[in-house]
Amino acid sequence: MNWGSLSAFIEMGGYGGYVWGSFGVTAVCFVLEAAAVAARRRSLLRERRELD
Amino acid sequence: MIMTDIRWFKYSSPQTFYPLAGTLAPWFSAAAALLAIAGLYISFFMAPTDFQQGEAYRIIFIHVPAAWMSMFLYLVMAVWAAIGLAWNTRLSSMMACAIAPTGAIMTFIALWTGALWGKPMWGAWWVWDARLTSELILLFLYLGFMFLHAAIDDPRRADRAAAVIAIVGAINVPIIYFSVKWWNTLHQGASVSLMRSPSMAATMLLGMLVMALAFWMYSIAVILMRVRCVIIERERHADWIKAPGALE
């Protein structure tokens, strides 16, 4: 275990902004990408239903 | 005999690939989630602090997998685009279209995390060296592929035009990969290579490989989901797609 406390974990030895900025933006990218694909599918299925 | 018995091309049509992609995607998503949890655990709780870079080095656990994926996805996209160009196979071109956005996102993540690592380590968010510049060109190639495809109304013509970008741009991938050898760059050399044993601690290597697998599984899952959308969009006038339950 590397971290004595939660605040040490967040601080990342003084590099917290860089480390969490990297992991955070990466997570946001993946979540937004998956959500965009899901929304695209929903709208295509809706369009299909309206055609039927 | 066996070659003819197995229907190798059964899944090469959009109609048969659509349900297969739908069946496979949740499994790849689940694998991605499990591997990401394991990879994050190793990245933050098992891998020790680096004696030179402190905790900032933990950025490589996403930086390196994203950079690998950005290059690999480009090659896969170029191969599908080339097959579509050469044999006029619809599904191959659809696969190329489905890969491009994920490849662009991986490239962006590699550049973004590289900047956030470079600032504390090099003292600069960005430098115009060979590795960084060629990776930025990769982002423009992905965007060029997507925008050109979107700009041409006839999808089959768009496939052919965009395929040319994809194929010509593939030359950039070895340039990125070998840039740290060919030019005197600020970017460090490869930490992991097929030719020699890795120059890093085993736990760090394990974390990077598990994260790379998670990125793999995520990419496959989201590309399969996206290619299903592309198939619906481009096959909307086909008979099979109008059948009840065809889009399940």
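So that the names make sense, note that chain A is the first sequence line, chain B the second, and so on, each numbered from 1.
Few gaps surround CG on B:D154; more than 12 heavy atoms of other groups in view lie less than 6.0 Å from it.
With a 4.5 angstrom heavy-atom cutoff, B:L247 touches chain A via backbone and side-chain atoms both. In this structure, the portions of B:I59 lying under 4.5 Å from any heavy atom of chain A include both its backbone and its side chain. For B:A47, the part lying under 4.5 angstrom from a heavy atom of chain A is the backbone only. Heavy atoms of B:M106 lying under 4.5 Å from chain A belong exclusively to its side chain. In this structure, the portions of B:F44 lying under 4.5 Å from any heavy atom of chain A include both its backbone and its side chain.
Outside the 6.0 Å centre-distance limit, the rings of A:Y15 and B:W117 are not counted as a close aromatic pair. Under the 6.0 Å cut-off for aromatic ring centres, B:F215 and A:F30 qualify, their centroids lying closer than that.
Here the shortest heavy-atom pairing between B:M95 and B:V227 reads SD-CG2, 3.6 Å.
Of the residues considered (B:L40, B:T49, B:T102, B:I241), B:T102 shows the highest number of contacts with chain A, using heavy-atom pairs under 4.5 Å. Chain A forms the most heavy-atom pairs under 4.5 Å with one residue out of B:H63, B:M46, B:R228, B:E233, and that residue is B:E233. In terms of heavy-atom pairs under 4.5 angstrom with chain B, the leader among A:S22, A:G21, A:S43 is A:S22.
Each of B:F108, B:Y74, B:F147 was compared with B:Y142 under the ring pair (Phe, Tyr, Trp, His ring centres under 6.0 Å) criterion, and only B:Y74 meets it.
Between the side chains of B:E235 and B:Y18, no donor-acceptor pair is found at a separation under 3.5 Å.
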